[in-house]
Amino acid sequence: MATFKLDLFDPPIDVRILTEHVTEEQLMNWNPFTTWAKTLKASLELQTQLDHTGEKHPFHEFPYTVRSVDIQAVDWFGRGKLGFVKLTAKIQNEAPNPQTLPGAVFLRGGSVAMLMILRPSDSNSERWVVMTDQPRIPAGSLRFWEIPAGMIDDDTNDFSGTAAKEIKEETGLVVPRSELINLTELALAGTQVDEGLEDAMYPSPGGCDEFIAIFLWEKVMDRQEIENMKGKLTGIRKQGERITVRILNYEDLWKVGARDAKTLAAWSLYEALKRAKTPQLRALSVRFLVDVLI
Amino acid sequence: MAEGLISDTDVSVTLIDGLSEEELLQFPAFKNWLQTLKSNLALQSNPSHEYHKSPYALRDIKIQAIDRFGKRIGFLKLVATITNAEGDFLPGSMFLRGASVGMMILLQPDDLPADSQDEKHVLLTVQSRIPAGGLKFVELPAGMVDRGSFAGTAAKEIKEEIGLEIPEGELLNLSELAIPEGEEEETCPRAMFPSAGGCDEYIPIFLHEKRIPREQLGEWSGRLTGLRDEGEKITLKLVKLDDLWREGARDAKALAAWSLYEGLRRTGRI
């Protein structure tokens with residue numbers, strides 16, 4: 001069991017590595033771990049400050065501090081990338097009867113999800129959505145429908161990952177960063193929060209660090225192009241296919257996607273931002289010469 | 001570290017210290033997940049199934065870590081090996097924690113017409129969420145349905161602060177309304193999965209609507225705004241339903257509730 005001092009916290013704390021599958025160096029080079037520690041540290045520092053409304057922090061009398069962290073298990077993905085880390089943090093205050101905060105953390109870092117909307121050029125209101133259909137073993141399912149998830153590539157800045165790759169192969173569609181609208185960022189604009197949380201949706205903040213930025217990508221196309229795509233992608237999945245691309249009528253999105261947090265999040269943000277006549281969505285209208293706000 | 005086969009299967013399991021196979025098999029989250037997975041893997045024997053030619057099978061399960069709440073199992077971290085004859089595998093690393101519920105509690109002044117959508121307010125929680133790195137994370141109340149009513153830390157706080165208790169009979173399961181039963185081949189809980197690629201967690205979203213005297217709504221609202229009890233680990237917040245998507249934009253449960261409520265209302269289901 002290796003132990004090292006983590007000075008991302010003040011005072012520095014002991015990190016015990018209880019698994020032989022990761023080293024201090026690998027952990028410290030892994031963005032999700034250092035981001036989590038820095039975000040938490042900044043939030044803990046606010047305990048002794050007044051918030052933006054001039055109010056004392058709920059914990060100002062007996063602030064919590066991180067005492068130690070245990071790294072219990074890690075999973076490595078292909079190409080030497082650290083994938084998941086399971087840790088527990090001991091977080092306690094100095095109250096006469098010391099209180100702790102739940103410190104079990106499944107660390108995996110952030111990702112992005114795409115609400116990819118295709119609009120036939122001959123219709124003002126019709127929309128189709130690109131979905132993925134794939135096994136999701138934690139859900140016990142071999143056919144789990146979601147809006148496409150992935151990453152923003154560090155170099156190209158485009159939407160990338162398994163889903164992006166499959167979508168490009170099956171439909172030819174490529175999603176460049178310049179054509180993306182960050183829905184979560186828009187939704188949170190103008191709200192003031194003192195904690196340094198991401199402008200993203202957190203699927204399960206009580207157990208996992210994961211945050212997912214929800215992007216909108218709308219494209220006007222010839223109806224025939226969309227029909228061709230639909231024709232190619234309906235019906236049963238090809239034998240052995242690991243991830244299948246689907247084209248779904250937008251009207252059905254919230255129902256068909258009702259099991260997927262990303263899908264419901266994207267639908268709610270898109271619908272609400274439209275209803276609020278958000279300027280950035282209005283800009284899409286001008287580009288498309290259709291009324292996106294219907 | 002014990003190894004063995006799960007009885008009546010040829011799935012080998014590697015346990016960790018302090019966890020027996022019996023305890024593992026009785027852990028509801030594990031039991032339910034395993035059952036769901038097995039029944040959906042079994043569908044591969046159908047000639048029309050996409051994996052029929054080379055079906056996947058669960059080979060082994062390795063428990064990597066356990067978190068206990070007192071004596072009972074809270075969370076497990078495990079890796080499942082699921083491969084076909086070609087050596088293709090399905091990602092089987094997961095965080096296992098079981099199901100909980102999300103509670104959309106809507107309060108409206110009772111002096112408005114019964115079919116009015118105006119002035120609906122939704123109750124939110126504010127608490128520390130160490131995994132997210134925040135101490136004031138805003139969410140839709142979460143918990144369990146235990147012994148006939150909404151239970152857990154949020155439920156307790158709601159009862160303490162505004163005296164509101166939520167019996168099971170006054171809950172409407174929005175997830176089950178949105179996801180019809182019996183239309184799919186697969187068996188899968190009719191609920192919202194926050195992160196199906198890495199975690200078994202599923203959360204049905206429930207609705208509890210209550211019309212209360214206007215003064216009471218004002219009183220509750222005032223009390224919660226003024227409330228900053230020293231050291232309270234969880235506090236409540238009342239926001240307009242119209243603002244739920246902004247106030248809860250970081251919370252999967254809040255956005256899911258907004259979506260299901262909006263979708264079901266538009267289609268006349270509620």
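Since the model is a prediction, treat every value here as computed from it, not as a measurement.
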Any salt bridge linking Arg143(A) with Glu184(B)? Criterion: basic side-chain nitrogen under 4.0 Å from a carboxylate oxygen.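 The answer is no: the pair does not qualify as a salt bridge.
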If we ignore hydrogens and angles and just use 3.5 Å, is the side chain of [X] paired with the main-chain N or O of [Y] as donor and acceptor?
X: Thr263(A); Y: Ile147(A); value: yes
X: Asn46(B); Y: Ser48(B); value: yes
X: Tyr261(B); Y: Ala256(B); value: no
X: Trp254(A); Y: Ala178(B); value: no
X: Asp88(B); Y: Asn84(B); value: no
X: Arg250(B); Y: Glu198(A); value: yes
X: Trp33(B); Y: Ile137(A); value: yes
X: Glu210(A); Y: Pro203(A); value: no
X: Asn40(B); Y: Thr187(B); value: yes
X: His52(B); Y: Gln44(B); value: yes

Atom pair [atom1]/[atom2] of [X] and [Y] - distance to nearest 0.5 Å:
X: Ile214(A); Y: Thr184(A); atom1: CD1; atom2: OG1; result: 5.0 Å
X: Leu216(A); Y: Leu115(A); atom1: CG; atom2: CG; result: 5.5 Å
X: Thr125(B); Y: Lys237(B); atom1: OG1; atom2: NZ; result: 10.5 Å

What part of [X] gets closer than 4.5 Å to chain B, counting heavy atoms only: side chain, backbone, both or neither?
X: Arg108(A); value: side chain
X: Leu197(A); value: both
X: Ala200(A); value: backbone
X: Phe77(A); value: neither
X: Gln239(A); value: both
X: Lys86(A); value: side chain
X: Tyr202(A); value: both
X: Val74(A); value: backbone
X: Leu186(A); value: backbone
X: Asn93(A); value: neither
X: Ala276(A); value: side chain

Contacting moiety of [X], where chain A heavy atoms sit under 4.5 Å:
X: Cys188(B); result: both
X: Lys77(B); result: side chain
X: Leu135(B); result: both
X: Arg97(B); result: side chain
X: Arg190(B); result: both
X: Ser39(B); result: neither
X: Leu264(B); result: both
X: Phe89(B); result: backbone
X: Val138(B); result: neither
X: Phe75(B); result: side chain
X: Ala196(B); result: both
X: Tyr56(B); result: side chain

Any idea which of [options] has the most non-hydrogen atom pairs under 4.5 angstrom with chain A?
options: Phe69(B), Phe193(B), Phe137(B), Tyr202(B); result: Phe193(B)
options: Ala252(B), Pro131(B), Pro55(B); result: Pro131(B)
options: Glu185(B), Gln35(B), Lys253(B); result: Glu185(B)
options: Pro180(B), Gly198(B), Gly133(B); result: Gly133(B)
options: Pro194(B), Pro204(B), Ala80(B); result: Pro194(B)
options: Gly92(B), Pro91(B), Ser175(B); result: Pro91(B)

Just give me the residue among [options] that pairs up with chain B most often, heavy atom to heavy atom, under 4.5 Å.
options: Lys38(A), Glu195(A), Gln99(A), Arg136(A); answer: Glu195(A)
options: Gly257(A), Ala104(A), Gly206(A), Ala265(A); answer: Gly206(A)
options: Cys208(A), Gly140(A), Pro102(A); answer: Gly140(A)
options: Ala37(A), Gly196(A), Ser43(A); answer: Ser43(A)
options: Leu183(A), Thr88(A), Leu269(A), Thr244(A); answer: Leu269(A)
options: Leu40(A), Leu142(A), Thr39(A); answer: Leu142(A)

Derivation and outcome, side-chain hydrogen bond (donor to acceptor under 3.5 Å, both in side chains), residues Asp60(B) and Thr81(B): CA-CA 5 Å; Asp60(B) 64 66; Thr81(B) 305; 3.0 Å; yes
Aromatic ring pairing Phe9(A)/Trp36(A), orientation class (parallel under 30°, perpendicular over 60°, tilted between):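 Plane angle over 60°, so perpendicular.
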Can you see which heavy atom on Leu264(A) is nearest to which on Ala258(A), and at what distance?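 Reported closest heavy-atom pair: CD1-O, 3.6 Å.
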Any side-chain donor paired with an acceptor under 3.5 Å for Gln72(A) and Asp67(B)? yes
Does a donor on one side chain and an acceptor on the other come within less than 3.5 Å for Thr83(B) and Arg59(B)? yes
Determine, stepwise, if the pair Gln64(B) / Asp75(A) fulfils side-chain hydrogen bond (donor to acceptor under 3.5 Å, both in side chains). CA-CA 10 Å; Gln64(B) 302 161 291; Asp75(A) 295 306; 2.9 Å; yes
